[in-house]
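Read the structure below first, then the notes.
On a predicted model such as this, the values are computed, not experimentally measured, just so you know.
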Amino acid sequence: MSLESVRQFLSAQAPHIAIIELPVSTATVAEAAAAHGVEAGRIAKTLAFRLNDGREVILVARGDARIDNRKFKDAFGKGKMLPPEEVEAITGHPVGGVCPFGLASELPIYLDVSIQAFDEVLPAAGAVHSAVRISPQQLRDITTGQWVDVCQAFA
């Protein structure tokens with residue numbers, strides 16, 4: 001159902017964006033980068049957090065980025081990544097296929113500025129073997145995400 005919810009979302013919001021389905025797993029950043037023949041940074045990983053105020057949020061960051069705890073706390077307050085067993089229930093997507101499209105519940109979406117280093121990134125598309133190619137600005141536009149700076153800087 002998750003891949004189907006992404007299909008429906010993209011059909012309504014960005015019908016020109018095609019879902020790429022591969023015969024191999026793209027569940028991890030390393031697998032996705034190898035399968036798509038790109039550097040790990042171009043994989044747009046989607047992380048789910050629960051903030052101390054009880055809100056759940058989605059964060060999309062470059063695949064090789066690490067969360068900067070100080071920046072995260074400044075932007076959101078304290079929070080923790082959702083445990084894998086809660087991710088699918090909240091997002092509607094399995095771990096390894098989590099993306100900001102076709103979510104099971106309405107969640108605030110944040111895009112880390114780290115993805116702006118690329119003209120095109122590849123977030124998952126609701127399954128552990130799917131993705132889309134999209135510019136960071138298109139990603140922001142179709143998800144109505146907000147830009148944040150919560151990852152460690154890249155030299």
Side-chain angles (χ1 to χ4, degrees), residues 1-51 54-67 72 75-76 79-148 150-151:
M1 184 61 175
S2 182
L3 182 58
E4 187 54 38
S5 71
V6 173
R7 278 190 217 290
Q8 291 172 7
F9 176 88
L10 291 175
S11 175
Q13 300 296 323
H16 61 284
I17 297 176
I19 295 176
I20 303 163
E21 294 184 73
L22 298 175
V24 296
S25 174
T26 57
T28 68
V29 169
E31 289 173 341
H36 292 288
V38 299
E39 61 195 284
R42 284 189 184 269
I43 302 304
K45 64 184 175 184
T46 303
L47 308 170
F49 291 89
R50 178 170 293 120
L51 306 180
R55 290 182 303 140
E56 283 117 8
V57 300
I58 296 294
L59 173 69
V60 180
R62 61 186 279 163
D64 56 0
R66 294 179 58 116
I67 301 295
F72 186 93
F76 299 112
K80 293 184 179 178
M81 283 186 63
L82 288 174
E85 60 274 9
E86 291 184 42
V87 170
E88 188 167 4
I90 290 168
T91 66
H93 305 312
V95 172
V98 178
C99 64
F101 318 117
L103 295 166
S105 43
E106 199 167 313
L107 298 168
I109 297 169
Y110 295 91
L111 309 170
D112 189 77
V113 296
S114 63
I115 66 172
Q116 293 176 345
F118 304 103
D119 61 337
E120 182 179 77
V121 292
L122 289 101
V128 298
H129 62 280
S130 67
V132 297
R133 290 183 177 269
I134 189 169
S135 75
Q137 189 57 47
Q138 285 176 308
L139 182 59
R140 198 221 63 82
D141 291 347
I142 68 171
T143 63
T144 65
Q146 296 179 47
W147 292 112
V148 291
V150 296
C151 290

What closest approach, in Å, do [X] and [Y] show between heavy atoms, and which atom pair accounts for it?
X: V128; Y: P94; answer: CG1-CG, 4.5 Å
X: A75; Y: V150; answer: CB-CG1, 3.7 Å
X: L3; Y: A125; answer: CD1-O, 3.2 Å
X: L111; Y: I109; answer: CD2-CG2, 4.1 Å
X: G126; Y: C99; answer: N-SG, 3.5 Å
X: H129; Y: V24; answer: CB-O, 3.5 Å

Distance (rounded to the nearest 0.5 Å) between [X] [atom1] and [Y] [atom2]:
X: T144; Y: R140; atom1: OG1; atom2: CZ; value: 7.0 Å
X: L82; Y: L47; atom1: CG; atom2: CG; value: 10.0 Å
X: F49; Y: I90; atom1: CZ; atom2: CD1; value: 13.0 Å
X: D112; Y: C151; atom1: CG; atom2: SG; value: 3.5 Å
X: E31; Y: L22; atom1: CD; atom2: CG; value: 11.5 Å
X: I17; Y: S11; atom1: CD1; atom2: OG; value: 11.5 Å

Could you walk me through whether V132 and I20 satisfy the side-chain contact (heavy atoms from CB on, under 4.5 Å) test, starting with their C-alpha distance in whole Å, then the side-chain angles of each, then the deciding distance to 0.1 Å, before giving a yes or no?
CA-CA 6 Å; V132 297; I20 303 163; 5.9 Å; no
E86/K80 salt bridge by N-O under 4.0 Å criterion:
no
T46 and side-chain contact (heavy atoms from CB on, under 4.5 Å): which single residue from V87, V98, L103 fits?
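Answer to the side-chain contact (heavy atoms from CB on, under 4.5 Å) test with T46 among V87, V98, L103: V98.
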Please report the C-alpha distance between I58 and T91 in whole Å, then the side-chain angles of each, then the deciding distance to 0.1 Å, and finally whether the side-chain contact (heavy atoms from CB on, under 4.5 Å) criterion is met.
CA-CA 9 Å; I58 296 294; T91 66; 3.8 Å; yes
Step by step, would you call D119 with R42 a salt bridge (charged side-chain N to carboxylate O under 4.0 Å, His left out)?
CA-CA 9 Å; D119 61 337; R42 284 189 184 269; 2.9 Å; yes
Any side-chain heavy-atom pair from L10 and I142 closer than 4.5 angstrom?
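They are in contact (side-chain heavy atoms under 4.5 Å apart), so the answer is yes.
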Would you say I43 and V38 make side-chain contact, with heavy atoms under 4.5 Å?
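With C-beta onward as the side chain, the pair touches.
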Between T26 and A32, is there a donor-acceptor pair closer than 3.5 Å when you use the side chain of the first and the backbone of the second?
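Flag not set: sc T26 to bb A32 has no pair under 3.5 Å.
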Apply the test side-chain contact (heavy atoms from CB on, under 4.5 Å) to residues F118 and E39: give CA-CA distance (whole Å), side-chain angles for both, the deciding distance (0.1 Å), then the verdict.
CA-CA 11 Å; F118 304 103; E39 61 195 284; 3.7 Å; yes
Parallel under 30°, tilted from 30 to 60°, perpendicular over 60°: which one fits the rings of Y110 and F76?
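Plane angle over 60°, so perpendicular.
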Given R133, which of E120, Q138, H36 fulfils the side chain to side chain donor-acceptor pair (under 3.5 Å) condition?
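Among E120, Q138, H36, the one that satisfies the side chain to side chain donor-acceptor pair (under 3.5 Å) with R133 is E120.
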Could you please spell out the steps behind the side-chain hydrogen bond (donor to acceptor under 3.5 Å, both in side chains) verdict for H93 and S2?
CA-CA 5 Å; H93 305 312; S2 182; 2.2 Å; yes
Go through the steps to decide whether V148 and L59 satisfy the test side-chain contact (heavy atoms from CB on, under 4.5 Å), and finish with yes or no.
CA-CA 9 Å; V148 291; L59 173 69; 3.8 Å; yes
